[in-house]
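Read through the structure below, which is laid out as structure tokens, and then see the notes.
Note that these values count all heavy atoms, side chains included, but never hydrogens, waters or copies made by symmetry. Each chain gets a letter, A, B and so on, in the order its sequence line appears, and its residues count up from 1.
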2 protein chains.
Amino acid sequence: MTSGVLPCYLPLGRAERGVMALEVTMEKFVSLCKRRGFVFQGSEIYGGVGGFWDYGPLGVELKNNIKGAWWKAVVQERPDVVGLDAAIIMNPKVWQASGHVETFADPMVDCKACKRRFRADEVARGREPEAAHGHMVDISGLSCPECGGELTTPRMFNLMFRTYVGPVDVEAEFTRALEELTRDDRGLAQERIRRLKEELDRATVYLRPETAQGIFINFDNILVTSRKKLPFGVAQIGKAFRNEVTPGNFIFRDREFEQMEIEYFVRPGEDEKWHQHWVEERYRWYLRYGIREENLRVRRLPPEELAHYAKDTFEIEFLFPMGWSELEGIANRTDFDLRRHSQFSGQLLTYFDEKTGEHIVPYVIEPSAGVDRCFMAFMLDAYHEEEVRGETRVVLRLHPALAPIKVAVLPLSRHEDLVPVAHRVWDMLRPHFMTQYDDSQSIGRRYRRQDEIGTPFCVTVDFDTLQDQAVTIRDRDSMAQVRVPISNLVAVLKERIQEGC
Amino acid sequence: MTSGVLPCYLPLGRAERGVMALEVTMEKFVSLCKRRGFVFQGSEIYGGVGGFWDYGPLGVELKNNIKGAWWKAVVQERPDVVGLDAAIIMNPKVWQASGHVETFADPMVDCKACKRRFRADEVARGREPEAAHGHMVDISGLSCPECGGELTTPRMFNLMFRTYVGPVDVEAEFTRALEELTRDDRGLAQERIRRLKEELDRATVYLRPETAQGIFINFDNILVTSRKKLPFGVAQIGKAFRNEVTPGNFIFRDREFEQMEIEYFVRPGEDEKWHQHWVEERYRWYLRYGIREENLRVRRLPPEELAHYAKDTFEIEFLFPMGWSELEGIANRTDFDLRRHSQFSGQLLTYFDEKTGEHIVPYVIEPSAGVDRCFMAFMLDAYHEEEVRGETRVVLRLHPALAPIKVAVLPLSRHEDLVPVAHRVWDMLRPHFMTQYDDSQSIGRRYRRQDEIGTPFCVTVDFDTLQDQAVTIRDRDSMAQVRVPISNLVAVLKERIQEGC
């Protein structure tokens, strides 16, 4: 891909003007999320657990709508992509083949002076050139390569969550046997410990640190059953887990997160063309669901930032409160993964080209988005504060397809004549839309409550309704009101919600 | 609940007639699932990993449709239930409060003669009455309480997957330090091991063995933000993990599975009434989405089968190929969970009754269904073999709302005049429905392929289409065909797919 074609989807000029296009701070946003039931701290009543979050009643709806909008765009609407839902726990060889066992586990040292963190084997390089990943390294007598400061003792780091398969708790037995060594005669237990360690190694598995590998290892099954021809893609949404060193920025970097990934398989040589296609496609998806162009930019990674498997990578960035940060990465992973899994599994992972009679190993373009980051971006971008009749109105201008609640039913008051009618209207709407019913406090307060959670339409039942069998639809963004017969209500709302979906 | 009211939702009479209402064996079913891309063995290219399965392109659609149909019925359509999506990894105190740390981990012994498995503390009862859960028990000299046979050495079992939070791999450091004891002077390392063990215990967490607890610990957050009044419920769909002793029967008992659970909070004293409501409600849901009544039954658990927290439990069972087995459990959990979490967290988990001015601890009714089991049941029930013109037709009579593919577009042949028209029809349908396009082999073969995956409608583009701008819609179940103008196609298909949804 030449840089000459980039400007069309790199609206840097606008974004770099330095305009702060968001109207909300992180504190305000986190507070809104908690107060209105979008996101709660995980295990809050027990003091939480770092890097884990729970999505509340409104949050789960928004999250499901984001996932649905993605699936619709990349699976349903496309002729060339199918879905997959692979298990979170896979055979551990998957992570040897992918390189994660090697690159996600290392002894690290911190500099006590400048606080930088280094891989111990890099500090020790020269003295122990053969030091393998995952093994302890002697750094005694060495100092910080940056500032010459004193280093801490190396500690093992592993970004993958490890667990053990099988109901026999070999780990507990192993640990207990080893602990007994600190008390008893060690000669007796040595053989038992060796045996348990072997059993433990056999039972070791990892929580997937990314969903992508589930697609690669199913390449052949999907090819055979879906009978797709190149180019074609496989899409997957699911949880992944990373023992992040510093989870933070709310749900931006968490230890349990959800990914939406596509692995798009192409002929080698056509990879750059398709890479550009996917960058543009994914960029447009964010615009389609309402993100403002001035809050998005595309950044091409310089060679030194590329992952070891990547030939080229673009990141779609969003202007978060903490600055421009990655929303989605779109990498050209070449044939790295299919080749590695072929090699490690002994299974042929190739595509038979009927025209040329050749078996080829496809290249892969990977658009990889974070559900939780999308959740933040859609909410942050939608957040507005406006002056309305001397009061501040907070309104989430969420795309109607994403809004957690589509319609709120509000009787003007709790008058005994109004409530039964309002309930009938509500009963009529529920089979078609996610709704809320609210009859507490003034109608103005109730409009504001719905504005704040992004409900695009409020339906008001008033005393005229008893006469004309009609209700008022109030639009979130314009605050305009129109009168609609109850008999037309479902059809009118359907039409307005589906506009632009 | 008196047994007098039970027969209305216990259609035992019909089910017990002994009619084998399924037309498919497990072998045939598993083979169809793999051949057509519904379910693959997890990590198949690496020889698999026991109890883990991947859902292929059609499987993920069916699974998503089942979850969507459940969410629609229990959240969207109801006035009294909201959703939640809590993290898989929670603070470990959750599992102490819930009782899982105590009841899911035990030393077990097997009888070498009769192969029965026992909890070691039960075998040792009398000799060590104080033996606590999770601790090793001396059973030397004891024999099988059933047959008197010889017992194996006790082994620790734990149904919960354990892992560690935090990037420092304390577990690896701890194990390494202990292993060094087998070689070096143990006096030196004792203090370091003690310290690492403490650090390890602090980092220990579990993969949730059920989704329910995520709801209980968020009770107060949900109550405050949703402002619901009793009775109200919270629904959640998500992955759970159990290190099952014997995973099996395909995806019926797997180690990574997905649950659809509701915790429905009621006033104590109204629990039996609501228990009955939910048994009926959930039973009807299966009928609504097409399960035949003769393949369903409701079983009330006898007291000796009740979980320790349950006052009463009903199971909705389905006639699987291996016999009647649980599809969904509907338990009255009383106030057990809220009380325990109050006690363990020190937080008040109560409901303030405005009428009486009292703080009450609600009782809870829990309808808990397995997504993977529903997946099996819907597919198995839908499976039919029929004689059509001397050939066997396999047809999945899936409810249109559940069918992975709603419409297939089939040009009569690959004739150059037909293909562009068929593609235009396909392009027109994709924004509205999950579709497939198929132009390979005879039209009869292609109908059969769609029948076998449950596609309710096939749209055929033929040479008449070039003249009349109309296509044929072929119905999966009746095989009847109707001619429809292309301009009406989306509307007609929408209407037919939504019938009964």
Fill in: side-chain contact (heavy atoms from CB on, under 4.5 Å) between A/Lys197 and B/Thr175, worked out
CA-CA 10 Å; A/Lys197 181 73 170 87; B/Thr175 308; 4.3 Å; yes

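Annotation: side chain of A/Phe241 is not in contact with side chain of B/Thr163 (no heavy-atom distance under 4.5 Å). Using a 4.5 Å heavy-atom cutoff, the side chains of B/Val205 and A/Phe52 are not in contact. Side chains of B/Ile88 and A/Ile88 form a contact here, defined as non-hydrogen atoms less than 4.5 Å apart.
When all heavy atoms are compared, the tightest approach of A/Gln76 to B/Arg430 is NE2-O, 2.9 Å. Looking at every heavy atom in both residues, A/Glu173 comes nearest to B/Pro154 through OE2-O, 4.4 Å. Between B/Leu84 and A/Tyr55, the shortest heavy-atom distance links the atoms CD1-O, 3.2 Å.
Interface residue A/Glu244: only backbone heavy atoms are found under 4.5 Å from chain B. Looking at A/Pro79, both its backbone and its side chain come within 4.5 Å of chain B, counting heavy atoms on both sides. In this structure, chain B has a heavy atom under 4.5 Å from the side chain of A/Asn218, while its backbone stays farther away. With a 4.5 Å cut-off on non-hydrogen atoms, B/Leu207 touches chain A through its side chain but not through its backbone. Only the side chain of A/Asp438 comes within contact range of chain B, with at least one heavy atom under 4.5 Å from a heavy atom of that chain. For a residue to count as touching a neighbouring chain, one of its non-hydrogen atoms must lie under 4.5 Å from one of that chain's; by this rule A/Gln213 does not touch chain B. A/Asp427 does not touch chain B: none of its heavy atoms, backbone or side chain, sits under 4.5 Å away. With a threshold of 4.5 angstrom between heavy atoms, A/Arg227 approaches chain B through side-chain atoms but not through N, CA, C or O. Only the side chain of A/Leu349 comes within contact range of chain B, judged by heavy atoms closer than 4.5 Å. Within the 4.5 angstrom heavy-atom criterion, no atom of A/Thr246 approaches chain B.
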Donor-acceptor pairs are to be reported for all side-chain atoms of residues 36-48 of chain A against protein atoms at under 3.5 Å, with residues two or more places apart or in another chain.
{"residue": "A/Arg36", "atom": "NH1", "partner": "A/Arg449", "partner atom": "O", "Å": "3.0"}
{"residue": "A/Arg36", "atom": "NH1", "partner": "A/Glu452", "partner atom": "OE1", "Å": "2.9"}
{"residue": "A/Ser43", "atom": "OG", "partner": "B/Asn91", "partner atom": "N", "Å": "2.8"}
{"residue": "A/Glu44", "atom": "OE1", "partner": "A/Lys34", "partner atom": "NZ", "Å": "3.1"}
{"residue": "A/Glu44", "atom": "OE1", "partner": "B/Asn221", "partner atom": "ND2", "Å": "3.2"}
{"residue": "A/Glu44", "atom": "OE2", "partner": "A/Lys34", "partner atom": "NZ", "Å": "2.7"}
{"residue": "A/Tyr46", "atom": "OH", "partner": "B/His341", "partner atom": "ND1", "Å": "2.7"}

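A/Arg162 meets the salt bridge (charged side-chain N to carboxylate O under 4.0 Å, His left out) test with B/Asp169, B/Glu171; sequence neighbours excluded.
Here the straight-line distance linking atom CD1 of A/Ile89 with atom CD of B/Glu256 works out to 5.5 Å at 0.5 Å rounding. Atom CG in A/Asp85 sits 11.5 Å away from atom CG in B/Leu62 (nearest 0.5 Å). Taking CD of A/Glu77 as the reference point, atom CG of B/Leu429 lies at 12.5 Å (rounded to 0.5 Å).
Of the listed residues (A/Phe104, A/Phe344, A/Tyr437), the one with the most heavy-atom contacts under 4.5 Å to chain B is A/Phe344.
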